[in-house]
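This one's a predicted model, so the numbers in the text were calculated from it and none came from an experiment.
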Amino acid sequence: MSKEILMVVDAVSNEKGVEKDIIFEAIEAALASATRRKHGEDIEVRVAIDRETGDYDTWRRWLVFEDESTELEVPDRELRMIDAVDIDENAEPGGYVEVPMESVEFGRIAAQTAKQVIVQKVREAEREQVVEEYKDREGEMLSGLVKRVDRNGVYIDLGGNAEGFVPRERIKALLTEVRSEPRGPQLFMTRTSPQFLIELFKIEVPEVGQGLIDILGAARDPGLRAKIAVRSNDSRIDAVGACVGMRGSRVQAVSNELAGERVDIILWDDNSAQFVINAMSPAEVVSIVVDEDKHSMDIAVDEDKLSQAIGRGGQNIRLASELSGWELNVMTAADAEEKSESEMKELLGLFSKQLDVDEEVALILVQEGFSTIEEVAYVPTAELVAIEEFDEDIVDELRSRARDVLLTQAIVQEEKIDEVEPAEDLLSLEGMEKALAFTLASKGVVTREDLAELATDDLLEISEMDEEVAAALIMKARAHWFEEEQQA
């Protein structure tokens with residue numbers, strides 16, 4: 001059994017991360033307990049395990065008292081000096097005298113008892129570790145997952161075997177969904193949504209409830225930071241100031257409800273670019289370029305303000321993007337200028353080459369905000385004529401060249417479509433004419449399978465033919481479907 005003890009010690013030490021001495025002590029206590037049960041007497045037993053070999057010895061022992069002592073209560077475990085010296089001549093009051101006794105086998109019962117002691121030791125070690133980790137963190141904000149809830153409050157899993165407790169208290173939350181389930185109505189609530197932030201401001205700011213101030217949107221990184229967009233419907237009321245409150249009292253009340261979440265009050269503006277500039281607060285924007293087609297904006301800031309504009313982990317730019325609904329790209333003023341110059345050179349080359357004009361005319365178009373050939377071709381003539389350097393003849397020529405370019409591009413694109421060749425299985429289909437196969441391919445019907453998936457009306461829209469002929473052609477394309485079904 002000595003080897004088995006060593007194996008148990010190694011296994012438990014590795015699994016539980018407990019020092020081997022603690023496990024040895026637990027096994028010794030378990031063996032002593034098993035010995036006492038075997039003898040059926042209220043005796044004191046000590047077991048000592050050799051840490052190297054796993055062998056162990058057992059002793060019965062007695063606590064020694066003075067001869068005249070009146071404290072003896074359990075004769076089976078206590079002796080007076082006069083009797084103790086018969087066992088050990090070196091006996092002293094307060095010490096123990098021992099005699100060897102038969103050791104019990106390290107069996108299932110002893111192992112189970114040892115396991116219980118070990119588990120208890122592990123729990124005590126884990127508790128002590130939690131106490132050591134958190135005893136100097138009082139007053140610190142913590143976060144975790146709700147583990148369970150009872151009538152006393154909420155138990156929070158903080159990780160690492162640490163469990164927090166929040167006493168039952170009244171809190172605010174936003175009702176998001178109501179479900180009728182067999183166990184009863186289920187009301188789902190949240191405190192992390194942007195709408196919850198809006199509702200808190202409605203409570204704290206009376207002007208919102210009165211319709212004098214509108215809250216037009218909110219974006220949140222729950223527990224950390226948020227932005228909320230406001231607009232005044234009364235020129236006499238400062239929307240931002242009303243939401244902030246006297247000495248910040250109103251916004252502070254909302255922040256306190258959200259466990260210290262920082263809230264930026266942003267002034268709404270109908271001009272999207274100006275609203276984004278406001279939303280980037282506290283970063284100051286040097287310039288902004290709007291791309292309506294991509295629904296994005298390039299924002300330039302001073303180099304020493306770049307980190308502030310981005311925010312920790314991209315927080316500021318992300319919240320501003322969510323609030324505005326635009327894709328925002330932030331960069332330094334130098335990078336923005338370099339990008340602008342690169343895009344200008346690209347547009348100059350585009351207009352010079354495709355409209356066959358000199359660099360001066362191309363530069364005027366770029367400076368006036370034109371970015372595509374389509375804009376030159378189709379914007380109202382009055383806009384082009386209003387350009388100081390252009391007269392009606394130049395405008396007519398520019399528009400004519402632009403439309404020729406677009407027409408050429410359309411023809412080239414059409415030719416590319418026409419160049420699509422039908423697959424061999426479509427060409428070889430019984431009743432298929434070559435010209436019809438190429439017509440079908442130009443419309444995306446390239447294979448026999450593509451034709452089989454068409455309805456008769458679809459084929460008639462692509463090519464004029466008799467309806468019966470079209471239906472027969474589609475059925476021939478589908479013939480292999482029925483053959484496969486029969487084989488299956």
Kindly determine whether L355 and L365 satisfy side-chain contact (heavy atoms from CB on, under 4.5 Å), including the steps that lead there.
CA-CA 11 Å; L355 297 180; L365 289 172; 4.0 Å; yes
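- A donor-acceptor pair under 3.5 Å is absent between the side-chain atoms of S321 and the main chain of I317, judged by distance alone.
- Checked options E133, E138, E132; the residue passing with K135 is E132 (criterion: salt bridge (charged side-chain N to carboxylate O under 4.0 Å, His left out)).
- Taking a 6.0 Å sphere around CD of E389, one finds it holds more than 12 heavy atoms contributed by other residues, nucleotides or ligands.
- Each of K227, R220, R225 was scored for a salt bridge (charged side-chain N to carboxylate O under 4.0 Å, His left out) with E261, with one residue passing: R220.
- Residues V178 and L187 have side chains in contact (heavy-atom distance under 4.5 Å, counting atoms from C-beta outward).
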Let's go through V205 and V230 carefully: what are the C-alpha distance in whole Å and the side-chain angles of both, what is the deciding distance for side-chain contact (heavy atoms from CB on, under 4.5 Å) to 0.1 Å, and is it a yes or a no?
CA-CA 12 Å; V205 184; V230 298; over 6 Å; no
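- With E204 contributing its side chain and L200 its backbone, the two residues share no donor-acceptor pair below 3.5 Å.
- Atom CD of E430 sits in a sparse spot, with 12 or fewer heavy atoms from other residues, nucleotides or ligands closer than 6.0 Å.
- Heavy-atom neighbours of E303 CD from other residues, nucleotides or ligands within 6.0 Å: at or below the threshold of 12.
- Side-chain contact between M465 and L460: present, with at least one pair of heavy atoms (C-beta onward) separated by less than 4.5 Å.
- Nearest heavy-atom pair across F201 and V208 is O-CG2, 4.4 Å.
- When all heavy atoms of M280 and A309 are compared, the pair lying nearest together is CE-O, 3.5 Å.
- A donor-acceptor distance shorter than 3.5 angstrom exists from the side chain of S352 to the backbone of L348, with no hydrogens or angles considered.
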side-chain contact (heavy atoms from CB on, under 4.5 Å) between E368 and L384, intermediate numbers included
CA-CA 9 Å; E368 291 295 329; L384 284 167; over 6 Å; no
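- Nearest heavy atoms, D269 versus Q274: OD2-CG, 3.4 Å.
- For CD of E374, the number of neighbouring non-hydrogen atoms (other residues, nucleotides, ligands) closer than 6.0 Å is greater than 12.
- Between H295 and W326, the angle of the ring planes stays under 30°, which puts this pair in the parallel group of the 30/60° scheme.
- Two residues are said to be in side-chain contact when any heavy atoms from C-beta on lie closer than 4.5 Å; L426 and T447 fail this criterion.
- Taking a 6.0 Å sphere around CD of E388, one finds it holds 12 or fewer heavy atoms contributed by other residues, nucleotides or ligands.
- A cation-pi contact links R148 to Y155, judged by a cut-off of 6.0 Å to the six-membered ring centre and 45° from its axis.
- Using a 4.5 Å cut-off on side-chain heavy atoms (C-beta onward), L347 and E343 make no contact.
- In plain terms, the two heavy atoms of L267 and N278 that are nearest each other are O-ND2, 3.0 Å.
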Yes or no on side-chain contact (heavy atoms from CB on, under 4.5 Å) for Q252 and N256, after CA distance, side-chain angles and deciding distance?
CA-CA 6 Å; Q252 189 61 49; N256 292 340; 2.9 Å; yes
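- Here OG1 of T372 is found 10.5 Å from CD of Q354. Values are rounded to the nearest 0.5 Å.
- No side-chain heavy atom of P194 sits under 4.5 Å from any side-chain heavy atom of E322.
- Between V286 and D302 the shortest side-chain heavy-atom distance falls below 4.5 Å.
- Atom NZ of K305 has 12 or fewer neighbouring heavy atoms from other residues, nucleotides or ligands inside a 6.0 Å radius.
- For R168 and D150, the salt-bridge test fails: no basic side-chain N is under 4.0 Å from an acidic carboxylate O.
- Inter-residue side-chain proximity for M432 and L427 is flagged as unmet; no heavy-atom pair is nearer than 4.5 Å.
- Once rounded to the nearest 0.5 Å, the distance linking CG of L328 with CZ of R318 reads 12.5 Å.
- At distances below 3.5 Å, not a single donor-acceptor pair connects side-chain atoms of D396 with backbone N or O atoms of R399.
- The pair E397-R401 counts as a salt bridge, with a side-chain nitrogen and a carboxylate oxygen less than 4.0 angstrom apart.
- Residues R51 and L6 come closest through the heavy atom pair O-CD2, 3.9 Å.
- When atom types are taken as modelled, the side chain of S232 and the backbone of I237 share a donor-acceptor pair closer than 3.5 angstrom.
- Remark: E346 CD is loosely packed, at most 12 non-hydrogen atoms of other residues, nucleotides or ligands lying under 6.0 Å away.
- Note that CG of N329 and CD of E327 are 5.0 Å apart. Values are rounded to the nearest 0.5 Å.
- Summarising the geometry, atom CD belonging to E467 is positioned 6.5 Å from atom OG1 belonging to T456; distances are rounded to the nearest 0.5 Å.
- Side-chain atoms of D298 do not come within 3.5 Å of backbone N or O of M331 as any donor-acceptor pair.
- Under the 3.5 Å distance criterion, the side-chain polar atoms of R448 are left unmatched by any main-chain donor or acceptor of S428.
- Atom OG in S193 sits 4.5 Å away from atom CG in L174 (nearest 0.5 Å).
- Taking CD of E433 as the reference point, atom OG1 of T439 lies at 10.0 Å (rounded to 0.5 Å).
- Annotation for V146 and V154: closest pair CG1-CG1, 3.7 Å, computed over non-hydrogen atoms.
- Using a 4.0 Å cut-off between charged nitrogen and carboxylate oxygen, R250 and E207 count as a salt-bridge pair.
- Salt-bridge annotation for E257 and R191: present, with a side-chain N of the basic residue lying under 4.0 Å from a carboxylate O of the acidic one.
- With contacts defined as side-chain heavy-atom distances shorter than 4.5 Å, the pair L459/L440 qualifies.
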